[in-house]
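Throughout, a chain's letter reflects where its sequence line sits, starting with A, and its residues are numbered from 1.
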2 protein chains.
Amino acid sequence: MHQKRVTLADVAKAAGVSRTTASLVLSDRGDELRISEPVQHRVRQVAAELAYRPNAASQVLRTGLSRTFGFISDTVATSQLAGDMIKGAIEGARRHDHMLFIGESEGSEDEQARLIQAMVDRQVDGIVIASMFTRERPVPSGVGRPLVFLNTIPTDARAQVPVVVPDEIGAGRAAARALLDAGHRKIHLIGAGPTPADVPPLTIAGQERLEGILQELGDAGLKPASGRMCTIWLPEDGWQATTALLESNVTGGAILCFNDRLALGAYQAIQEAGLRVPQDFSVVSFDDHQLASWLRPGLTTVALPHYELGRRAIEALLAPAETATGFERVPMPLRARGSIGAP
Amino acid sequence: MHQKRVTLADVAKAAGVSRTTASLVLSDRGDELRISEPVQHRVRQVAAELAYRPNAASQVLRTGLSRTFGFISDTVATSQLAGDMIKGAIEGARRHDHMLFIGESEGSEDEQARLIQAMVDRQVDGIVIASMFTRERPVPSGVGRPLVFLNTIPTDARAQVPVVVPDEIGAGRAAARALLDAGHRKIHLIGAGPTPADVPPLTIAGQERLEGILQELGDAGLKPASGRMCTIWLPEDGWQATTALLESNVTGGAILCFNDRLALGAYQAIQEAGLRVPQDFSVVSFDDHQLASWLRPGLTTVALPHYELGRRAIEALLAPAETATGFERVPMPLRARGSIGAP
DNA sequence: AGTCGTTGCTAACACGGTTTAGCTCGACGG
DNA sequence: CCGTCGAGCTAAACCGTGTTAGCAACGACT
């Protein structure tokens with residue numbers, strides 16, 4: 001049972017003014033439209049006493065603005081990464097006094113279209129289309145609302161959609177630099193490399209991380225000591241690649257993994273071989289998964305700024321349409337822990 | 001700029017009927033109110049041709065129903081657990097053709113009240129109040145919409161709120177039974193115990209898991225071989241407790257950890273002592289964190305059914321008010337992996 | 001022939017706000 | 001004494017749908 005809500009008409013009646021006046025006062029246009037101070041005060045007081053709350057549906061209907069955003073991701077669950085991204089989006093929305101609709105397309109274009117439709121029906125003020133792993137996707141057409149791609153690159157380069165992505169190239173450089181700074185010259189790659197062609201398909205993150213790594217090593221006149229491409233980046237794959245590395249008579253040096261899960265596998269392989277991090281091998285990776293701080297020693301990793309990504313995507317929705325095009329690359333900060341030692 | 005939407009009036013005009021007729025046909029009340037078949041057909045066809053979509057704001061205003069739920073959690077980010085719970089809630093909402101608002105209170109009652117207010121303003125059809133770790137909380141008053149507590153217990157027991165929680169007692173029994181079935185008699189607890197009083201404050205999960213464990217052991221005429229309470233359940237704490245256990249001259253047996261993170265710490269301590277899972281120690285725990293499948297050997301754990309929890313909370317919102325009271329305990333299934341061996 | 005019931009549709013109001021156009025009244029200038 | 005102007009407020013239209021009451025036409029029955 002909904003107890004009956006207090007309406008604007010109730011407030012107006014109790015304050016002895018017209019609905020118009022009450023509306024003007026409560027939307028802070030009282031001065032602009034010359035409502036006297038005493039009347040304004042009375043209206044506000046009555047509204048507070050009655051605990052008046054405007055009916056959002058009615059405001060949406062009239063103004064076309066819902067103070068609501070939509071956030072569609074392809075997968076929410078695969079990683080807690082998503083959680084942080086959503087958290088950032090919620091915070092971004094909150095700052096602008098908006099609420100957030102959330103939806104999950106599970107990678108299906110049809111389901112995504114359905115969600116966009118449902119959101120547009122509800123007059124959202126903008127939609128963020130997010131992916132949990134960086135990849136290319138077509139831009140949905142005819143949405144009629146501001147759109148932002150998050151962690152996703154439009155297939156059609158001409159499409160005028162603002163894009164927010166992590167700076168993976170910078171991250172690659174940062175990871176390599178961390179090892180170089182510690183004095184390492186023999187750097188083994190786990191997950192991709194050693195040449196730019198050795199990258200798992202469809203993953204832009206892998207491609208760009210490798211690009212950054214090769215740049216930074218190149219600047220120091222170096223190349224990777226070795227590289228092992230993994231099609232999938234789970235701990236098991238990291239374990240296999242690292243075990244293979246150890247069996248090739250490598251007993252020390254630096255290992256650069258393309259994500260934290262591969263690094264977990266590397267830790268396991270190193271420990272099972274009776275070797276130690278960081279005394280025998282220095283390890284560095286990407287993502288800053290929760291896991292990284294749990295390992296012994298703590299894993300040094302270049303963090304995916306999920307919270308920032310979510311927040312900035314919402315901000316991008318609100319940018320004026322002219323500004324709102326082109327890429328925003330969010331920096332990926334290095335989280336130094338205990339996994340890097342001297343060579 | 002929004003291109004102008006097609007309205008019901010446009011459809012009616014194009015089909016040569018009144019708005020009323022169009023409305024009746026499109027809300028499937030045409031037969032009931034005797035609109036002839038040819039007219040119905042024409043209206044539907046025209047609506048499809050014009051890609052007519054009803055304006056949700058207007059429907060909400062008229063009917064008071066928004067086909068929208070709210071989901072408020074105290075923390076989204078701490079764990080990917082939240083991700084699955086949200087995923088379940090989204091799926092539950094989708095099944096009933098609803099959208100989901102999401103909000104995060106960060107544990108603040110004020111912020112929670114603000115979110116509830118904003119959602120009620122938007123005429124949500126119900127609100128789920130979720131917590132990421134089971135605990136007690138007061139029931140917000142005067143919401144005027146269906147409410148469900150998820151993973152949270154009302155402080156005031158008389159409060160008539162449906163509650164959806166995981167069956168932690170059953171989980172405790174299942175974990176203990178898994179070890180008993182493998183033949184273990186010496187079972188060491190990490191995180192809580194050995195007596196019911198040895199539980200970290202404010203955690204209902206800990207209390208109930210312990211209760212289940214003690215019940216199951218009691219049924220077999222046993223007591224825990226030892227127990228170490230940890231105020232916080234991070235890997236570091238599990239490592240310390242397990243290291244202490246190993247230093248007390250225990251060189252084998254079964255370890256029952258109160259969550260997967262503690263179990264990670266246990267793995268680390270065992271490996272650093274030169275011992276092995278499951279040859280020297282069998283390990284079992286709770287949660288089924290992503291981590292559990294990544295460890296070597298895979299960690300046997302009793303899963304928190306986050307997805308189910310989220311889904312059922314939404315279902316509970318839709319249950320008729322009379323039914324909608326009391327607890328629903330969602331079973332926690334055992335995920336058997338490789339961490340249990342013979343004694 | 002008049003009454004009644006049925007079929008097939010529509011006029012008009014309601015929902016709760018925002019916004020535009022305009023009304024009233026007193027002061028003031030000519 | 002009349003016209004003008006600004007201050008301070010309000011009537012009424014509007015957003016797009018759902019819903020109630022009822023109208024016109026027509027055949028059936030008394």
Side-chain angles (χ1 to χ4, degrees), chain A residues 2-44 46-47 50-68 120-123 125 144, chain B residues 2-44 46-47 50-68 120-123 125 144:
Chain A
H2 308 164
Q3 66 248 36
K4 207 170 142 288
R5 285 178 64 105
V6 175
T7 78
L8 187 58
D10 297 332
V11 173
K13 194 164 152 201
V17 298
S18 71
R19 272 189 5 249
T20 308
T21 303
S23 169
L24 292 175
V25 171
L26 295 177
S27 52
D28 282 330
R29 309 206 320 159
D31 291 336
E32 184 187 335
L33 274 121
R34 305 182 308 245
I35 307 296
S36 68
E37 182 44 46
V39 169
Q40 292 207 30
H41 182 74
R42 199 165 69 245
V43 169
R44 281 186 222 281
V46 169
L50 299 182
Y52 166 71
R53 301 248 75 212
N55 182 321
S58 150
Q59 292 177 314
V60 173
L61 180 55
R62 185 61 230 246
T63 63
L65 299 172
S66 60
R67 300 206 325 265
T68 292
V120 171
D121 287 351
R122 286 170 174 77
Q123 315 264 75
D125 298 331
Chain B
H2 310 164
Q3 66 248 37
K4 206 169 143 291
R5 286 178 65 102
V6 175
T7 79
L8 187 57
D10 297 331
V11 173
K13 194 165 155 199
V17 297
S18 72
R19 270 189 6 247
T20 307
T21 303
S23 170
L24 291 175
V25 171
L26 294 177
S27 50
D28 282 329
R29 310 207 319 156
D31 290 335
E32 183 186 339
L33 274 125
R34 307 182 306 247
I35 307 297
S36 68
E37 182 44 47
V39 169
Q40 292 206 29
H41 183 74
R42 197 165 71 243
V43 169
R44 282 185 221 280
V46 168
L50 299 182
Y52 166 71
R53 299 249 77 211
N55 181 320
S58 158
Q59 292 178 315
V60 173
L61 181 56
R62 187 61 233 251
T63 64
L65 300 172
S66 60
R67 300 207 324 263
T68 292
V120 171
D121 287 351
R122 286 170 174 79
Q123 314 266 78
D125 297 331

note: Gln59(A), atom CD; dC15(D), atom C1'; distance rounded to Å ~ 13 Å
Net bend of the helix from dA1(C)-dT30(D) to dG30(C)-dC1(D), end axes of five pairs each, nearest 10 degrees: 80°
With a 4.5 Å limit on heavy-atom distance, are the side chains of Leu8(B) and Leu26(B) in contact? yes
Nearest whole angstrom, please: distance from the C1' of dT17(D) to the CD of Gln123(B). 14 Å
Identify every side-chain donor-acceptor pair in residues 56-64 of chain B under 3.5 Å, counting partners at least two apart or on other chains, and give the distances.
residue: Thr63(B); atom: OG1; partner: Gln59(B); partner atom: O; Å: 2.7
residue: Thr63(B); atom: OG1; partner: Leu65(B); partner atom: N; Å: 3.1
residue: Thr63(B); atom: OG1; partner: Leu65(B); partner atom: O; Å: 3.4

Working for side-chain contact (heavy atoms from CB on, under 4.5 Å), residues Gln123(A) and Asn55(B): CA-CA 8 Å; Gln123(A) 315 264 75; Asn55(B) 181 320; 3.6 Å; yes
Does Arg34(B) have any salt bridge (Lys or Arg N to Asp or Glu O under 4.0 Å) partners at least two apart in sequence or in another chain, and if so, which? none
Could you list the residues that satisfy salt bridge (Lys or Arg N to Asp or Glu O under 4.0 Å) with Arg29(B), not counting sequence neighbours? Glu32(B)
Nearest whole angstrom, please: distance from the C1' of dG18(D) to the CG of Asn55(B). 13 Å
Think Thr7(B) has a side-chain N or O under 4.0 angstrom from the OP1 or OP2 of dG16(D)? no
Please tell me which of Leu8(B) and Ser36(A) maps to the more 5' nucleotide of DNA chain D, matching each residue to the nucleotide holding its nearest heavy atom. Ser36(A)
Length of the CG-P vector between Leu61(B) and dC14(D), whole Å: 17 Å
Could you tell me from which nucleotide to which nucleotide of DNA chain C, 5' to 3', there is an atom under 4.0 Å from chain A heavy atoms? dG16(C) to dT20(C)
Report the residues that fulfil salt bridge (Lys or Arg N to Asp or Glu O under 4.0 Å) with Asp10(B), sequence neighbours left out, ordered by chain and then residue number. none
Test side chain to side chain donor-acceptor pair (under 3.5 Å) applied to Ser27(A) - qualifying residues, sequence neighbours left out: none
Go through it in stages, so that I can follow the logic: the residues are Thr68(A) and Arg122(A), the test is side-chain contact (heavy atoms from CB on, under 4.5 Å), and I'd like the CA-CA distance, side-chain angles, deciding distance and then a yes or no. CA-CA 9 Å; Thr68(A) 292; Arg122(A) 286 170 174 77; over 6 Å; no
Under 4.0 angstrom, heavy atoms only, what part of the nucleic acid is Val39(A) near: base, sugar-phosphate, or nothing? sugar-phosphate
Taking for Ile35(B) and for Ser58(B) the nucleotide of DNA chain C with the nearest heavy atom, the one nearer the 5' end belongs to Ile35(B)
Quick check: closest heavy atoms across Ala14(A) and Val46(A), and the distance to 0.1 Å? CB-CG1, 3.6 Å
Got a sec, which residues hit salt bridge (Lys or Arg N to Asp or Glu O under 4.0 Å) with Arg42(A), two or more places apart in sequence or on another chain? none
Interatomic distance, Asp10(B) CG vs dT17(D) C1' [rounded to whole Å]: 13 Å
What nitrogen or oxygen pairs link the protein and nucleotides 19-21 of chain D at under 3.5 Å?
residue: dT19(D); atom: O4; partner: Thr20(B); partner atom: OG1; Å: 3.3

Whole angstrom value for the distance that separates C1' of dG8(D) from CZ of Arg34(A): 7 Å
What pairs of residues pass the salt bridge (Lys or Arg N to Asp or Glu O under 4.0 Å) test when at least one of them lies in residues 12-28 of chain B, not counting sequence neighbours? Asp28(B)-Arg44(B)
